[in-house]
Number of protein chains: 4
Amino acid sequence: MPRVSEEHRERRRQQILDAAQSCFARKGFHETSLQEIFRESGLSAGAVYRYFRSKDELIGAIAARSQPLVAALLEEILDADELPPLDEIVARFATGVTGRMGPSGAVRIAPQGWALATYNRPIHLAISELLDNTRSWWVRVAERLRDDGRLPPDADPYAVAVVLTSIIPGFILQRLVLGDVDAETLRAGIRILLSSEPPPPHAAHPAPGNILNQAL
Amino acid sequence: MPRVSEEHRERRRQQILDAAQSCFARKGFHETSLQEIFRESGLSAGAVYRYFRSKDELIGAIAARSQPLVAALLEEILDADELPPLDEIVARFATGVTGRMGPSGAVRIAPQGWALATYNRPIHLAISELLDNTRSWWVRVAERLRDDGRLPPDADPYAVAVVLTSIIPGFILQRLVLGDVDAETLRAGIRILLSSEPPPPHAAHPAPGNILNQAL
Amino acid sequence: MPRVSEEHRERRRQQILDAAQSCFARKGFHETSLQEIFRESGLSAGAVYRYFRSKDELIGAIAARSQPLVAALLEEILDADELPPLDEIVARFATGVTGRMGPSGAVRIAPQGWALATYNRPIHLAISELLDNTRSWWVRVAERLRDDGRLPPDADPYAVAVVLTSIIPGFILQRLVLGDVDAETLRAGIRILLSSEPPPPHAAHPAPGNILNQAL
Amino acid sequence: MPRVSEEHRERRRQQILDAAQSCFARKGFHETSLQEIFRESGLSAGAVYRYFRSKDELIGAIAARSQPLVAALLEEILDADELPPLDEIVARFATGVTGRMGPSGAVRIAPQGWALATYNRPIHLAISELLDNTRSWWVRVAERLRDDGRLPPDADPYAVAVVLTSIIPGFILQRLVLGDVDAETLRAGIRILLSSEPPPPHAAHPAPGNILNQAL
DNA sequence: CATGAATGAGGCTTCATTCAT
DNA sequence: GATGAATGAAGCCTCATTCAT
């Protein structure tokens, strides 16, 4: 069946990626053999290799796929012209993420991507871009919040963004591993923190620590 | 000579675990072959197998090792009888974590543990216990903060703990992958959030969302 | 339009064979995939398979192609009615062979044919016919030389032919592998040998030999 | 069975090489799968890979093995202090070669080596060294023959060596493929040529040729 | 107890060949 | 006739694990 349309090619690609993602979510990148992906995708080895030149490339393509997904999520959260309260933004983010946690959802394999990014060059690239984009988005959010007077006028948007960027992976982890958290709880926690007593001025001279400062 | 022998055994065990951890940090669990661990530890295959019955057991032992590490860290943060401000607590946590990020530091392989916990039963157990312990600790912290009046009297300690538990993995990730964050920035961000305008009352059922709620 | 069609078929066939020969010369029979031949020939898999039913058949066809080539070469060397001196004949042979050693010349793949003939039945047939034809031709040459008085009257044309048949493969090999021999040098060597002292009568009782006669 | 002697290692190596050589002689380098070599050698995949890191390395080792074999052969031919007649030298060479043509003899795979040398860098190196060594040996032989007055005083030893080096591959080929030649016939042919009329002086600019000089 | 040679299942990948369009 | 996507057997190689010494 030669001379197929570009559309057909793209459909095949996604078919393979979907199968791979599903397998990866179930058994992990490394524990998943290509044979399983062939089976799951309903394609032969040769067919898959026509689209991806190696298992690594397949993994890379899946990592790359998360990029636009996250972008769409971020864009959607802020589609309104008026900025929602911070707890709402975080909650929407968490909701979006939760919605992609199905048995073969993209979020389910996120931790595998994080792990890989730790020692695998190409994946590192993809994940660091992802993190960076997300954090930049939070920086913009923080700037608007500050400009709206919802954050102190001298607030450092970057510092705020670091905190807010930090929250999502941990939320994903708790949800994936413990399974007992949801967007509403996260929102509630945020609200409480935002409503709490400001801490006393920080006296830059640090603190305790034996083990803490040990090497290794 | 039971005493000496037992000590010797334990030393050997740690020697192997250290070698393995170092390799894992460098190349990942799966990309590391046992041969490499034999080489790095300076022991023979047979010797290593006398202490760990399989590669999985080795990985499990490393995961188990993190338990007391985290416990010690948590305990240390709160060793004083007076509770530090929240931003200080988080900063200490982050500092402790940062200190264990050396080339073969335990934190370096944390994301691999998270990933494994996603689909590997025994590791799931270890990591979920770790997460749960940490969160319980945060719950206790939140309770004390509330009782000290630093959080609203009706604050839900659990919700607060969910948020605070969330922060560390994301901080580790940003530090490991982007490398441009530190405990002080995190503290600053926390301080800003704690000092910000409380959000308006939440009208429990809002939400945007097209993509957000889609499956996959 | 049988005529045109037949011509077209033959042209296609040669186009494919040329492409294959070029690839084979560059990478060897086995290291060349059919995909490469499809690419080099500018034809599709299906098209090539219309002309050759398998890779082996393709290789066989190339081996077969050498038959008329060698025949033409031999015929040409002796086209004159007068027989040239032996060194001249050898030199012409060597020159003819040298002329077909271009990057995709037929001679370039000759050693691959010899190798295949060693364990592959169909190719063995083709190559043994080639060798046999060549040697028969040398037998005829030797007979004429003997009859012309240029070889001793009791000379065994077959023995002479065995020697002369032997020379060409070794010449090809030296030229292909070492690259530092040419027809003139070969001719010079032959002339010297032909001009040398006849050896003393041979006393049929053989000679030394330890390793020589061992098995393996 | 750890800590084995160097001798044991070497025996294993040869065991593997012998098995490989036997297979290669029967089916050719490429048509022989490693599985067959494992079977023939009585070893497992892993065991073989402990000694040779790839199939190519195995082939290379076999090519390398021919070096000392040929060296021994050459040395043996000339072990006597008196130089035998040229036809005797060639005959001894041929005899030595013939003796190594058993079903798994080294000579049986020589053509495969020649073929590989044509397009495979490492093998090219091995074979070109082999050819070069052999030719150098012939140069020395030719010099002694000339000095002994058995070749004309102005004879070019190199040109003679080129011819004599050429003879052996063709002899091997005829013997391997046609199977109807032996050392004695070769000797007889050489004797006849050495006893023949010297050719007339060569008028440097002869040559026929249409096809002969064509490209390809 | 330690050693490390050996095992062999199974993984990734290639490639000759087919056949629907 | 031509195309080239698809097939799937089979190849090379790795590596967790065992066990004789």
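By convention in this document, chain letters (A, B, ...) are assigned in the order of the sequence lines, proteins followed by strands, and residues within each chain are numbered from 1. In what follows, every heavy atom counts, from backbone to side chain, and hydrogens, waters and symmetry copies are set aside.
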> What is the base-pairing partner of dA20(F), counting Watson-Crick and G-U wobble geometry with both distances under 3.5 Å?
Replying inline: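 By the stated definition (distances under 3.5 Å), dT3(E) pairs with dA20(F).
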>> Going by purine N1 to pyrimidine N3 plus the second Watson-Crick contact, or the G-U wobble pair, all under 3.5 Å, which nucleotide sits opposite dC12(E)?
In response: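 Looking at the geometry, dC12(E) pairs with dG11(F).
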State which of [options] makes the closest approach to the side chain of [X].
X      : options                   : value
A45(A) : dG8(F), dA6(F), dC12(F)   : dG8(F)
S44(C) : dT3(F), dA2(E), dT17(F)   : dT3(F)
K55(D) : dC13(F), dT18(F), dT7(E)  : dC13(F)
H8(B)  : dT7(F), dA2(E), dG4(F)    : dA2(E)
S54(B) : dG11(F), dT17(E), dT17(F) : dT17(F)
L34(C) : dT13(E), dT3(E), dA16(E)  : dA16(E)

> When you check the phosphate oxygens OP1 and OP2 of dA16(E), does a side-chain N or O of R53(C) lie under 4.0 Å from one of them?
Replying inline: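 Result: no.
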>> OP1 or OP2 of dA5(E) versus the side-chain N and O atoms of R12(D): is any pair under 4.0 Å?
In response: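 Indeed not, no polar side-chain atom of R12(D) lies that close.
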> F29(C) versus H30(D): any side-chain heavy-atom pair under 4.5 Å?
Replying inline: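 Of all side-chain heavy-atom pairs linking H30(D) with F29(C), none is under 4.5 Å.
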> How would you label the contact of Y49(B) with the nucleic acid (heavy atoms, under 4.0 Å): base, sugar-phosphate, or nothing?
Replying inline: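 Touches a base.
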> Within the structure shown, what part of the strands sits under 4.0 Å from Y51(A) by heavy-atom distance: base, sugar-phosphate, or nothing?
Replying inline: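 Sugar-phosphate, backbone atoms only, no base.
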> Less than 4.0 Å between a side-chain N and a carboxylate O, is that true for E40(D) and R26(D)?
Replying inline: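 Answer for the salt bridge query: yes.
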> Under a 4.0 Å N-O cut-off, is there an ion pair linking D18(A) with R65(A)?
Replying inline: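 Counted as a salt bridge, because a side-chain N and a carboxylate O are separated by less than 4.0 Å.
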Send over the distance from [X] [atom1] to [N] [atom2], rounded to a whole Å.
X      : N       : atom1 : atom2 : result
E57(A) : dC12(E) : CD    : P     : 15 Å
L58(C) : dC15(E) : CG    : P     : 16 Å
F38(A) : dA5(F)  : CZ    : P     : 18 Å
H30(D) : dT14(E) : NE2   : P     : 18 Å
I37(B) : dC15(F) : CD1   : C1'   : 12 Å
I16(D) : dC12(F) : CD1   : P     : 15 Å
L43(C) : dG1(F)  : CG    : P     : 13 Å

> Which heavy atom of I123(D) sits nearest a heavy atom of A117(D), and at what distance?
Replying inline: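 Distance-wise, the nearest heavy atoms are CG2-N, 3.8 Å.
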> Closest nucleotide of DNA chain E for G42(D) versus for E36(A): which of these residues is on the 5' side?
Replying inline: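 First, find each residue's nearest nucleotide; the 5'-ward one identifies G42(D).
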>> Return whichever of F29(C) or Q35(A) has its heavy-atom-nearest nucleotide of DNA chain E closer to the 5' end.
In response: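 The residue mapped nearer the 5' terminus is Q35(A).
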> Closest nucleotide of DNA chain F for E31(B) versus for R50(C): which of these residues is on the 5' side?
Replying inline: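 Looking at the nearest nucleotide for each, R50(C) comes out on the 5' side.
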> For G46(C) and A47(D), take the nucleotide of DNA chain F holding the closest heavy atom to each; which residue's nucleotide lies nearer the 5' end?
Replying inline: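 Its nucleotide being nearer the 5' end, the pick is G46(C).
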> Among E31(C), K27(C), R108(C), which one satisfies side-chain hydrogen bond (donor to acceptor under 3.5 Å, both in side chains) with Y119(D)?
Replying inline: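 Testing each of E31(C), K27(C), R108(C) against Y119(D), the sole residue satisfying side-chain hydrogen bond (donor to acceptor under 3.5 Å, both in side chains) is E31(C).
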> Nearest 0.5 Å, what's the CZ-CG distance between R12(B) and L17(B)?
Replying inline: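 It comes to 13.0 Å.
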